[in-house]
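What follows is one structure encoded as C-alpha cells, with my remarks underneath.
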Amino acid sequence: MMQNGRDLSAASRHAAVKKAAIGGAFLMAMSAVGPGFLTQTATFTQAEGANFGFAILICILVDIIVQLNIWRVIVVAGKRAQMIANDVVPGLGYLLSALVALGGLFFNIGNVAGAGLGLNVLFGIPVAAGAIISAVIAIVILIVRNALKVVDWTVQALAVIAVLVLVYMLCVTKIPYATAAVHTVAPTKIDFYSILTIVGGTVGGYISFAGGHRLLEGGAKGQADLKYVNLGALTGIGLASVIRVMLFLIGLAVVVAGTTLDPTNPAASIFKTAAGAFGYKFFGLLLFAAGMSSIIGSTFTSTSFLDYAVSGRSVKYRDALTIGFIAFATVVFVFIGQPAKVLVVVGALNGFILPIALAILLVASGRQKIMGAAYRHPLWLAITGWIVVAFMAFASVKTVIGFFG
C-alpha cells in the first residue's frame, strides 16, 4: 500500500513538473513575442527584405543553444540564476539581477504601451487608458491565489490568439516563399545589429530565464527532470520561432509589393496594407495579446530576480514588487510615451546582457559544488554555448563600433 502511495506521489509530481514545463515553454515564448518582437520584426523586414530570414535562422539556432544551457543549469542546480551566479563569484548574482531587471523594466514600458494600443485599435479606448486597464489586469493575474496556474492559462490562451491571427493573415496574403527561402540560406548582406537585436528580444535579458524559473517554481529539480527541460525549452523556442517566421513572411509580402512601412508603427502598416481595416483590427487583437503576455512574462521573471536580491529569500516581497514593477512602467509610458524606438534599442541591450548571463551559467555548469558530483554537462552544449557567447560578444562590439562609426 505504501509502495502504491509512493508511486502515486511520484506520478503526481511528474505530472505537475510536466505542466510546469509546458507552462514555462509558453511563458518564455510569449515573453519573447511582445510588442518589441512585432516592432523589431517589421522594422528589420523593411530594412533588409528577404535577407532578414538569415538573421531569423541564426536567431533560432542561438535560441536552442541558449535555452537548453540555461534551463539545464537552473534545474540541475535547483536554484534561480542569480543564486547560481553568487555561487560562481560572491556578489555576481546582484549584478545579474540588476541587468536583467533593468532590461525587463524598460521592455515593460513598451509592453504596457502595446497592450494599450491594442485596446485602442479594437475599441477606440484612449491609449493611455488602455495601458492602465492592461496593467491592472496583469497585476490581478500575477497576484491572485494560484497565480502560477492563472499565468499558465493566460499565456496559453494569448498564444492561441496570436497564432490564429497570423494564420489568417498568411491565408489572405501573397507570400514570396521562394525569395524568402533563398535569402535565408544565402543572404546578400548580413546585418549584425539585426541579429543582436532579435536574439536579445527572443532570448536576451529576462527572457532567457523565464521558462527555467517557471519550471523551478513548478517543482523541477535535479537530473531526473532534465527530460522536462528539453520538452519545455524546445516547445517554447518552436512556438516563438513559428510566430516570428509567420510575421516575417507577411511583412516581406507587403515590402516586396512596394509598401513603405510607417516608422512609428511598422507592424500596424503590415496588417493594414495586407488586409485593410479588418486586418488592422486583427493587428489590434495580436498587439493586445502580445502586450499582455509580455507584461506577465517580464514581470514574473524580473521580480523572481529582484525578490531574492531584496529579501534574501523568494516570494516574500513578490506582490509588492509586481505592483511596483508594472506601475512604474505604466506611469513612464503615460507621461513620456512613444516607446517604438525604445523597444528596438532595449532588444539590443538584452543582446548585450546575453553573453554575460550565458557565460556565468556555463562556468557554473562545470562546478561540482553547484551542479553535484554526478552531473556532467554535455560537451556539445558547452562548446556551442561558448561559441554563442563569443558570437554575441562580437556582435555587440560590432554594433557599438557601427553606432560610433
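In what follows, residues are counted from 1 in the order of the sequence shown. This one's a predicted model, so the numbers in the text were calculated from it and none came from an experiment.
Looking only at distances, a side-chain donor or acceptor of K281 sits under 3.5 Å from a matching main-chain atom of V121. Using a distance-only test at 3.5 Å, with no hydrogens or angles considered, a donor-acceptor pair links the side chain of N86 to the main chain of G91. Side chain of T259 to main chain of V255: no donor-acceptor pair is present (N/O by atom type, distance under 3.5 Å, no hydrogens or angles). Using modelled atom types, one side-chain atom of S293 and one backbone atom of A290 make a donor-acceptor pair closer than 3.5 Å. Side chain of S298 to main chain of G104: a donor-acceptor pair is present (N/O by atom type, distance under 3.5 Å, no hydrogens or angles). At distances below 3.5 Å, at least one donor-acceptor pair connects side-chain atoms of N120 with backbone N or O atoms of I125.
Distance CD1/I323 to OG1/T299: 11.5 Å, rounded to 0.5 Å. Separating the CD1 atom in I296 from the OG1 atom in T322 is a distance of 11.0 Å, to the nearest 0.5 Å. Atom CG in L215 sits 9.0 Å away from atom CG in L231 (nearest 0.5 Å). Atom CD1 of I295 sits about 6.0 Å away from atom CG of N111, to the nearest 0.5 Å. Rounded to the nearest 0.5 Å, atoms CD (Q82) and CD1 (I360) are 11.0 Å apart. Separating the CG atom in L381 from the CG atom in L362 is a distance of 9.0 Å, to the nearest 0.5 Å.
Between P266 and T43, the shortest heavy-atom distance links the atoms CG-OG1, 3.6 Å. Scanning both residues, I198 and Q40, for their nearest heavy atoms gives CA-OE1, 4.1 Å. Across all non-hydrogen atoms, the minimal contact from I84 to A364 is CG2-CB, 3.4 Å. G211 approaches W71 most closely through the heavy-atom pair CA-CZ2, 3.2 Å. Closest non-hydrogen pair, S134 versus F288, comes out as OG-CE1, 3.7 Å. L261 and S269 get closest at one heavy-atom pair: CD2-CB, 3.7 Å.
Two residues are said to be in side-chain contact when any heavy atoms from C-beta on lie closer than 4.5 Å; D87 and K79 meet this criterion. When side chains are defined from C-beta on, L68 counts as touching W380, because their heavy atoms get closer than 4.5 Å. Side-chain contact between V199 and M392 is present, with heavy atoms from C-beta onward closer than 4.5 Å.
The aromatic ring centroids of F248 and F44 lie 6.0 Å or more from each other. The aromatic ring centres of H183 and F52 sit 6.0 Å or more apart. The aromatic ring centres of F305 and F300 sit 6.0 Å or more apart.
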Please step through side chain to side chain contact (heavy atoms under 4.5 Å, CB included) for the pair L252 and I175, ending with a clear verdict. CA-CA 7 Å; L252 183 62; I175 308 295; over 6 Å; no
Test log, rule side chain to side chain contact (heavy atoms under 4.5 Å, CB included), inputs L285 and I161: CA-CA 8 Å; L285 182 59; I161 291 170; 3.7 Å; yes
Walk me through whether V242 and V163 qualify under side chain to side chain contact (heavy atoms under 4.5 Å, CB included). CA-CA 9 Å; V242 164; V163 170; 5.7 Å; no
Would K272 and D262 count as a salt bridge (Lys or Arg N to Asp or Glu O under 4.0 Å) if you check the C-alpha gap in whole Å, the side-chain angles of each, and the deciding distance to 0.1 Å? CA-CA 11 Å; K272 200 167 187 176; D262 179 358; over 6 Å; no
Going through the checks in order, is the side chain to side chain contact (heavy atoms under 4.5 Å, CB included) test met by D152 and F26? CA-CA 7 Å; D152 287 349; F26 277 86; over 6 Å; no
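Applying side-chain contact (heavy atoms from CB on, under 4.5 Å) to T184 and the options I58, V245, L57 leaves one that passes, L57. Of the residues listed (I370, I70, V88), the one engaging L361 in a side-chain contact (heavy atoms from CB on, under 4.5 Å) is I70, and it is the only one. Of the listed residues (R72, Q368, R367), just one forms a side chain to side chain donor-acceptor pair (under 3.5 Å) with Y375, and that residue is R72.
A donor atom on one side chain and an acceptor atom on the other are not found under 3.5 Å apart for N69 and S365. Side-chain contact annotation: S304 with H213, donor-acceptor N/O pair under 3.5 Å present. Side-chain contact check for D63 and S241: no donor-acceptor pair (N or O, by modelled atom type) lies under 3.5 Å. Checking S194 against E48 by side-chain atom types alone, a donor-acceptor pair falls below 3.5 Å.
Other residues, nucleotides and ligands contribute at most 12 non-hydrogen atoms within 6.0 Å of the CZ atom of F328.
Ring geometry for F394 against F192 counts as perpendicular: the plane angle is over 60°, on a 0 to 90° scale with 30° as the lower cut. Ring-plane geometry between Y168 and F282 is classed as tilted, the angle between the planes lying from 30 to 60 degrees on a 0 to 90 degree scale.
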